[in-house]
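Reading through the structure tokens given below for one structure.
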Amino acid sequence: MADEKAQAVKLKNEGNEAQKEGRFKDAITSYTEAIKLDPSNHVLYSNRSAAYANIKQYEKALTDAEMTIKVKPDWSKGYSRKATALQFLKRYEDAKAVYTEGLKVDPASDAFKKGLEDCDKELAAAAGARSMTNPFGMPGIEQKLLANPETREWMKDPEYLMLLKSLKSDPNAIGMKLQDPRVMKTLSVLLGVDLKLGTDADMENDPRSSAPTPQKAKEPEKMETDEKEMDPNKKKALDLKTEGNAAYKKKEFDEAIDLYSKAVELDPDEMTYLTNRAAVHFEKKDFDACRTDCLKAVEVGRENKAPFKTIAKAFGRIGNTYLKEKNYTEALVYFKKSLTEHRSDDILKKKQECEKILKDQERKAYISPELSLEAKNKGNDFYQKADFPSALKCYDEAIKRNPEDAKIYSNRAAAYNKLLEFNRAVKDANECIRLDPTFIKGYIHKGRNLMAMKQWAQAQSALQKALDIDSSNQETMNMLITCRQEINKDPEEVKKRAMADPEVQAIMSDPAMRMILEQMSQNPAAMRNHMSNPDIAKKLYVLQDAGIIQFR
């Protein structure tokens, strides 16, 4: 048994070396043989999962990740492997669930938290795409249906809930279900229009039959009415509203407030008088009064089945008051409420602005160079002990505490390399170089990990920049020699690999760039003119790094 485990360790090390060199199929073979000898070793399944992922066999990567968790459920790396495989398979809900489970094992993992954010973004993008063509795929439909007295009762019916689920997943079935009165009523509630009305003329006579038409900024809503049949108090309220609008435009705010207040007394069931008065309070910077009117308007609107767009406007105005006061937390709450009622690009933009500000405030509040150094030193100790997952965790913390320290990114790149996470290592090396272009280790880490991925031309470029900083660095010289040998061995294969890069593909498919490259091949002196254009020069350097072109 001891001999078998020793042989398994030897095979694992061979697999690790193969994976570092980009020989992923050889790595899989080594790990498979090792598993036969030591099937209880969770690391073997984890490493084979990584190898499968590198050759895009994500189902097999998922199977191995699940086996990793089964063998050692308290090891966080297994959850990371599984969630990553699920993300590649575009199973974002499942990936979220795995990241959540992983956080129970490792509550401080930034990688898991980042994974959850990435899944949420993908799910939001997918939901946005569905909602463009399928009203049953819009966010917040449950709240809208519960707010309507008729559909609220249906929400207690399991058959109705199954109907909603089927229409959400298959929008093509909507047309076949339109004979069902429940479907027509549900669409009316979701879209904010009464689809049962028979003619356009009927709709014009009903002020709540459709969402209000877009208005110019700060101009209160217009309301369509049938004056012949209108209650005298409602007619008088409308007249007062018109006078209030005129006063508002003239910036006679006290007069406008008085007129809107009289309109509210005459017609307390119409929320737009309250939202108009709130707009005046907003202009006067009386934000408490503005919020009070908007909340009352929402209450009135709910009771009288006002359009969702109008209710959304009231919530959005409350959010704007908090935004003016720089209370981004409360502003975010009300912008989210507004978007639940009705999607507006302006409110969405403000919501994202608040989220960005709050996240930045949280990040800045967490910065501490002293605690960062302490975390980095702990990471270095773990690295020396070959406990690379623990080292990675410490470097994550160090970067959060001091995101401008280039050396921490260099250290984390080294840890990623040991864990065969070459893409992430290159990303950290690039950040290290951005923060300190004179720090040689950034270029060395970049070159080493690009070599592991067999991207010889790009590795050569990075290593050459390292030699420009220290021409006597023997480690860099040795790696550079290897790169040049590989390029000279099969230059066409190098170009083929380079052409798999999306950035290179985009440049080479650009007709203007192709014309420039043709000019340079016919007239090398033309290069000087083209290099004077920063945008073109940047693209040419990308092609040079990829080994597509060479400068002489």
Side-chain angles (χ1 to χ4, degrees), residues 92 96 99-100 103-104 107-125 127-128 131 138-144 146-147 217-218 271 274-275 277-302 308-369 371-372 396-397 399-404:
Y92 301 113
K96 277 185 66 177
Y99 279 128
T100 303
L103 283 170
K104 293 177 183 177
S109 172
D110 289 321
F112 288 161
K113 293 172 186 176
K114 178 67 166 57
L116 281 172
E117 289 180 14
D118 291 342
C119 288
D120 283 333
K121 288 177 184 177
E122 293 292 345
L123 288 168
S131 66
M138 294 188 299
I141 67 169
E142 290 83 1
Q143 294 93 323
K144 292 183 179 181
L146 287 170
K218 298 185 180 179
M271 69 173 288
L274 289 162
T275 55
R277 189 170 69 185
V280 184
H281 288 311
F282 186 89
E283 290 296 326
K284 293 183 70 177
K285 295 182 171 54
D286 188 350
F287 298 133
D288 286 334
C290 177
R291 289 191 282 264
T292 299
D293 269 355
C294 286
L295 289 171
K296 180 63 178 175
V298 170
E299 182 184 334
V300 170
R302 295 262 194 242
F308 294 117
K309 185 175 181 180
T310 311
I311 293 174
K313 188 173 182 180
F315 280 133
R317 187 161 285 150
I318 294 174
N320 285 333
T321 64
Y322 284 119
L323 192 61
K324 284 286 186 181
E325 293 175 340
K326 297 186 178 180
N327 186 343
Y328 302 109
T329 302
E330 286 299 315
L332 182 59
V333 169
Y334 283 96
F335 288 144
K336 285 182 176 179
K337 288 186 177 184
S338 178
L339 290 167
T340 299
E341 299 294 329
H342 175 79
R343 181 183 173 85
S344 159
D345 289 341
D346 177 57
I347 296 297
L348 179 61
K349 184 177 179 182
K350 289 177 179 177
K351 169 186 167 286
Q352 292 168 341
E353 177 188 347
C354 288
E355 289 173 334
K356 182 179 179 182
I357 290 171
L358 288 169
K359 189 173 182 179
D360 192 53
Q361 287 178 347
E362 182 182 358
R363 180 185 65 79
K364 288 179 179 177
Y366 201 73
I367 289 175
S368 169
L371 292 176
S372 174
D396 287 343
E397 176 67 12
I399 286 172
K400 285 176 66 177
R401 292 290 187 182
N402 189 5
E404 300 302 314

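Residue indices begin at 1 and follow the sequence shown.
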Side-chain donor/acceptor of Lys144 to backbone N/O of Glu341, under 3.5 Å: yes

From CA spacing to verdict: side-chain contact (heavy atoms from CB on, under 4.5 Å), Phe112, Lys114: CA-CA 5 Å; Phe112 288 161; Lys114 178 67 166 57; over 6 Å; no

Phe315: partners by ring pair (Phe, Tyr, Trp, His ring centres under 6.0 Å), with sequence neighbours left out: none

Pairwise distance CG(Leu116) to OG1(Thr100) - rounded to 0.5 angstrom: 5.0 Å

Within-4.5 Å side-chain heavy-atom neighbours: Arg317 and His281: no

Check against side-chain contact (heavy atoms from CB on, under 4.5 Å), Leu358 and Glu362: CA-CA 6 Å; Leu358 288 169; Glu362 182 182 358; over 6 Å; no

Ser344 OG to Lys349 NZ distance, which is reported to the nearest 0.5 Å: 11.5 Å

Residues which pass salt bridge (Lys or Arg N to Asp or Glu O under 4.0 Å) with Glu353, listed by chain and number, not counting sequence neighbours: none

pair Leu274-Arg277: side-chain heavy atoms closer than 4.5 Å: yes

CG on Asp346 to CZ on Phe335, rounded to 0.5 Å: 8.0 Å

Partner of Tyr366 under side chain to side chain donor-acceptor pair (under 3.5 Å), chosen from Lys400, Glu397, Gln361: Glu397

Worked check of salt bridge (charged side-chain N to carboxylate O under 4.0 Å, His left out) between Asp360 and Lys364: CA-CA 6 Å; Asp360 192 53; Lys364 288 179 179 177; 3.2 Å; yes

What side-chain donor-acceptor pairs closer than 3.5 Å can you find for residues 318-326, not counting sequence neighbours?
unit_1, atom_1, unit_2, atom_2, d
Asn320, OD1, Lys350, NZ, 2.9
Asn320, ND2, Gly316, O, 3.4
Thr321, OG1, Arg291, NH1, 3.0
Thr321, OG1, Ile318, O, 2.5
Glu325, OE1, Arg291, NH1, 3.3

Ionic contact status for Glu299 with Lys296, cut-off 4.0 Å: yes

Leu332 side chain reached by Lys351 side chain, heavy atoms, under 4.5 Å: yes

Non-neighbouring partners of His342 that pass side-chain contact (heavy atoms from CB on, under 4.5 Å), sequence neighbours left out: Lys309, Ala312

Contacts of type side-chain hydrogen bond (donor to acceptor under 3.5 Å, both in side chains), residue Lys96, not counting sequence neighbours: Asp120

Exercise: identify the closest heavy-atom pair between Arg363 and Pro403: NH1-CG, 3.8 Å

Over all atoms of both residues, closest heavy-atom pair of Gly301 and Ile311: C-CD1, 4.2 Å

Nearest heavy-atom neighbours spanning Leu103 and Ser109: CD2-O, 3.8 Å

Any residue meeting salt bridge (Lys or Arg N to Asp or Glu O under 4.0 Å) with Lys337, in chain and number order, not counting sequence neighbours: none

Test item: Thr292 side-chain N/O and Asp288 main-chain N/O as donor-acceptor pair under 3.5 Å: yes

Spacing of Asn402 atom CG and Ile367 atom CD1 [to the nearest 0.5 Å]: 7.0 Å

